[in-house]
Protein chains: 2
Amino acid sequence: MYVQHAKTSWTDIELSSFRHGDVIPGTYDENVFTAHVSGPTLTSPRASILDIARTAQVSPATVSRAFNQPQLVNPHTLARILAVAHDAGFRPNRVGSSLRSGSTRTLGLVLPTLRNPVFAECFEGAEARARDDGYSVMVTTTGYDRQRERDAVSLLLDHRVEGIVVTVTHTVRNPVLEQIAAGGVPYVLAYNESATYPYVSVDNARAAKDVIAALAALGHRVIAVVTGPLAASDRAGLRLAGACRAAQRLGLPAPRHIEMPLHTDACRTTLANALDGAAAPTAMFCSNDLLAAAVIAAASALGRQVPRDLSVCGFDGVPFGAHMVPTLASMAQPSRDIGAFACDLLLGALMGAPLVSRCLPHRFIAGGTVAAAPIRPALLVERRQS
Amino acid sequence: MYVQHAKTSWTDIELSSFRHGDVIPGTYDENVFTAHVSGPTLTSPRASILDIARTAQVSPATVSRAFNQPQLVNPHTLARILAVAHDAGFRPNRVGSSLRSGSTRTLGLVLPTLRNPVFAECFEGAEARARDDGYSVMVTTTGYDRQRERDAVSLLLDHRVEGIVVTVTHTVRNPVLEQIAAGGVPYVLAYNESATYPYVSVDNARAAKDVIAALAALGHRVIAVVTGPLAASDRAGLRLAGACRAAQRLGLPAPRHIEMPLHTDACRTTLANALDGAAAPTAMFCSNDLLAAAVIAAASALGRQVPRDLSVCGFDGVPFGAHMVPTLASMAQPSRDIGAFACDLLLGALMGAPLVSRCLPHRFIAGGTVAAAPIRPALLVERRQS
DNA sequence: TTGAAAGCGCTAACAT
DNA sequence: ATGTTAGCGCTTTCAA
C-alpha cells in the first residue's frame, strides 16, 4: 500500500512534511477527542499598581520605583511593597509601561524560516543577547517571500518594536528597508551583505572561494555550484559568484550553475542531467546544508556514491551535518553570533551608538562527503597528451 | 592541524555548533569592521490618531473606527481618513490599543528549542493559525530547563499575551501550569499529554507500540530504546513505557533502555557497551530523529552498518530524515498541526469555548534504516535446541 | 525618600 | 454616521 505524502493532509490543516517512505498499514489513527477539563478561564481582573499602592500604603509612583529603580526606595518601604505585590501575584503591566515610557523593550526579528536550523540558531543567539539587556524578541518568518517580508515588518512596526533584525531575499531595491526606516526604528540586516545598509554576515564570496580552493586542492577541476532559486536569496548569488571567480583564478573551468526549484530539496532529473556525460562534475558545492543533504540523497538514488563518485560540500555548518554518514563537509557560518551581534548593534544604536556593519569569520568543516577527485579516463588522456 | 570545536568560540560570544571535522588551514578569517553608514535613526515623533483626526477633519473615534470597523464609517469619510493616514505613514499604535481594549491580540509559545525542526514546524503552524485571527505569536525557548520554563511564562504573562501554548519537561507537579493559571490566561500543552490539563499531542505510548510492532514484524526480538535524559522530557518516558508494554504483549524480551546524556547526541561509549555481547539488540528505537541520526553516526563510527547490522527507527518525522542515506525510518508527528490546533483551542477559549484535549494521529514512515533482523548464530542455536 | 498630577495612544460607552 | 468623554496602567516630571 503506497501512499503519496507530499500532498496529503493529516487533518483539515495543510501539512506537507513528508516525501519519502511508505505508510505501514495499521498504524493510522483517528483524531481522538477527549472530553476534558474545560471552562473558559475565569479571570478576576488582575491587580494594578494602584491596588498595590493602596495596600502597601504608598503612592503608585513609589510602587513603580520599587520595580524600576529599587535603589531609590527606602529598603523598608521596598520590602513592604514587594511583599504586597508578591502576595497579590502582581507584576507590572508591560503594556501600560510601554505606552507611558514609549519603550516596549522588544526587538523584531524577520527570518526566512525557522525550519532551517541556521535561522533557529540565529534566533536563539538574538534572544539571548536581547535578554541580557532586558529585551524580548518577536520573531516572524517570511518563507523567502517578498510580500511576506513587508507584512512581517508592518506587523513588527505596529507592535512598536524598537529595532529590527531582518534577512531579506535581496537588499537592492527592496522597499522593506525603506519601510523600516520610515517606521523610525533602527535595523540591521542578518546574512545579507550590503554596501548601503548595516549588516552582520560572513563574507559569502570569500567563503565560497575557500570552498572552491579546498575542492581544487583535492584535485577537483570540474565543479558544479548548486543553489535554490537565486531570486529568493542573494546569498546564494554571492556564493555562486565567489565560486566562479575563485575557479577562474585557479585556472579551473567555469563552474556550472545548477538552480534547483527549492532551497531545501533537489530535483532528481536536474541532477541526473548534470551528472551525465564525460565532463560531469566531480564535486558539487551546495549553497546550504539542507540542499547538500538533498543532493547527496538524490545522487545516491541515481546510483552515485558520495564521496566515491561525487564530492559534495554544503554551506552553513548545521549540527546535523555531523551526524550524517559520511559527515557533511560544509562552510560554516556563526549563526548564533550573527543573531547576537545584530541585536548587539541594535541595542547599541538605541543608546546612540552608530550602526556599523560587521563581517564574521567563516570556517570550513571537513567532512566525509568530500574526497580526492577520482582520476577519470578523460583526464588521463589529457595528461598523456600534455 | 586539528582543532577541537566543541569548546571553541569564534568570537566573544559563546558558540557550540561543531563537533566533527578538522579545519582546513588558511580558511580562518578575522572579524572585519567595515566603517559604515551609521547615525542613530532620527525619529520625528510618529503621528497619532489625533493628528490624523485633525487633518482629516473628523474625531479621533472616527479614525479608530476607520481602522477597526470600517463598515461603520461613511465610505467618503473612510477614504479621506485612509488617504490622510497613508500620507502620514500612520498605523495605529498597538500599545495604546492594547491598553485601552485590554487585548494584546498576541499568544505566547514556549518550546524547548527551535533548533529541532519539530518545534520550528510547530511554531510555523501556530503562527499561521494565529495570524488567521489577527493574532501574533511571541515564542520563547527553554532548552528543556524547568527554571527557564518559569522565566519564559513570566515574560509572556508580563507581555500580557492572551493565551499560552507550552511544552514542558513534565506535566506532573510542574508549577509552571499553575503559574499560567494564576496569570489568568488560558493555556494548552503541546506535545505533552495529561489527564489534568488540556493538551494537543499524539498518543505517544501507542505510537511507540506501533514502532515496536513494525520492528517485530521484521523479525526483531531484541530491541533497545534510546532516549535523552528522561528528566527533561516526559514524552521520551511515555514512548519508552509504550515500547516496553508492546514488547511484553508481543512476547519479546523487555527492551533495554539506553539513556543518552543529551536529546540530540549519542554517547559512543554508551552505545558501544549496548552493542556488545551476543544478546545485543538488532534494532534501536530512538525517541527523536536527531538522536536517531546521532545513533546511526555513532554506530557507523563503531563499525556497525545501518541497517545491515542494526536497524534504527526515529521519532518525529523531521524533513531531513528523507534526505539521509539510507532514509530514516521514523514515527512522524503532525507538528505543524500540533501548533495550529493548540492556537485554535486558545482562540476558541478566548471566545468562550471549552478547552478540549486533542490527540492527533501519528504515522509510521518506512525508511532504509530499518531492515529485517539478521539471523544470528545465537538465535540459530536457540532454534536448533527448540 | 516620597507624593501629586498629568498624559502616553487608543477605544468603548454614550450621546447626537 | 459621527462626536464627546473618560480612562486603560503606568511613568515621569515637579514639588515636598
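Bear in mind that the values here come from a model prediction, so they are computed numbers and not experimental data. Basis for what follows: all heavy atoms, side chains included, without hydrogens, waters or symmetry-related copies.
Around the CD atom of A/Q147, the shell of radius 6.0 Å holds more than 12 heavy atoms that belong to other residues, nucleotides or ligands.
The stretch residues 48-56 of chain A does not touch DNA chain C, since none of its heavy atoms comes less than 4.0 Å from the strand.
For A/F90, counting side-chain heavy atoms from C-beta on, the closest listed nucleotide (D/dC10, D/dG3, D/dG9) is D/dC10. Considering only the side chain of A/S97, D/dT11 comes nearest among D/dT11, D/dA1, C/dA4.
Atom CG of B/L114 and atom CZ of A/R115 lie 12.5 Å apart (nearest 0.5 Å). Taken to the nearest 0.5 Å, the OH atom of A/Y187 stands 12.0 Å off from the CG atom of A/L157.
Along DNA chain D, the nucleotide nearest to B/N74 and the one nearest to B/S101 differ in position, and the one closer to the 5' end is contacted by B/N74. Along DNA chain D, the nucleotide nearest B/R100 and the nucleotide nearest A/P60 are compared for position; the residue whose nucleotide lies closer to the 5' end is B/R100.
B/R148 has no carboxylate O lying under 4.0 Å from a charged side-chain N of B/D151, or vice versa, which leaves the two without a salt bridge. Salt bridge B/D158/A/R91: present, at least one basic N to carboxylate O contact under 4.0 Å.
Per the geometry, CZ belonging to A/R94 stands 13 Å off P belonging to D/dC10, to the nearest Å. As a whole-Å value, the separation of B/Q57 CD from D/dT2 P is 13 Å.
OP1 or OP2 of C/dT2 lies within a sub-4.0 Å distance of a side-chain N or O belonging to A/T77. Taking side-chain N and O atoms only, A/N93 has no distance below 4.0 Å to OP1 or OP2 of D/dC8. A close approach under 4.0 Å does not occur between any side-chain nitrogen or oxygen of B/S64 and OP1 or OP2 of C/dC10. Listed pair A/S59 / C/dA4 fails the phosphate criterion, with no side-chain N or O lying under 4.0 Å from OP1 or OP2.
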Test side chain to side chain donor-acceptor pair (under 3.5 Å) applied to B/T104 and B/H159, step by step: CA-CA 8 Å; B/T104 54; B/H159 273 284; over 6 Å; no
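If you check distances only, the side chain of B/R65 does reach the base of D/dG3 with a donor-acceptor pair under 3.5 Å.
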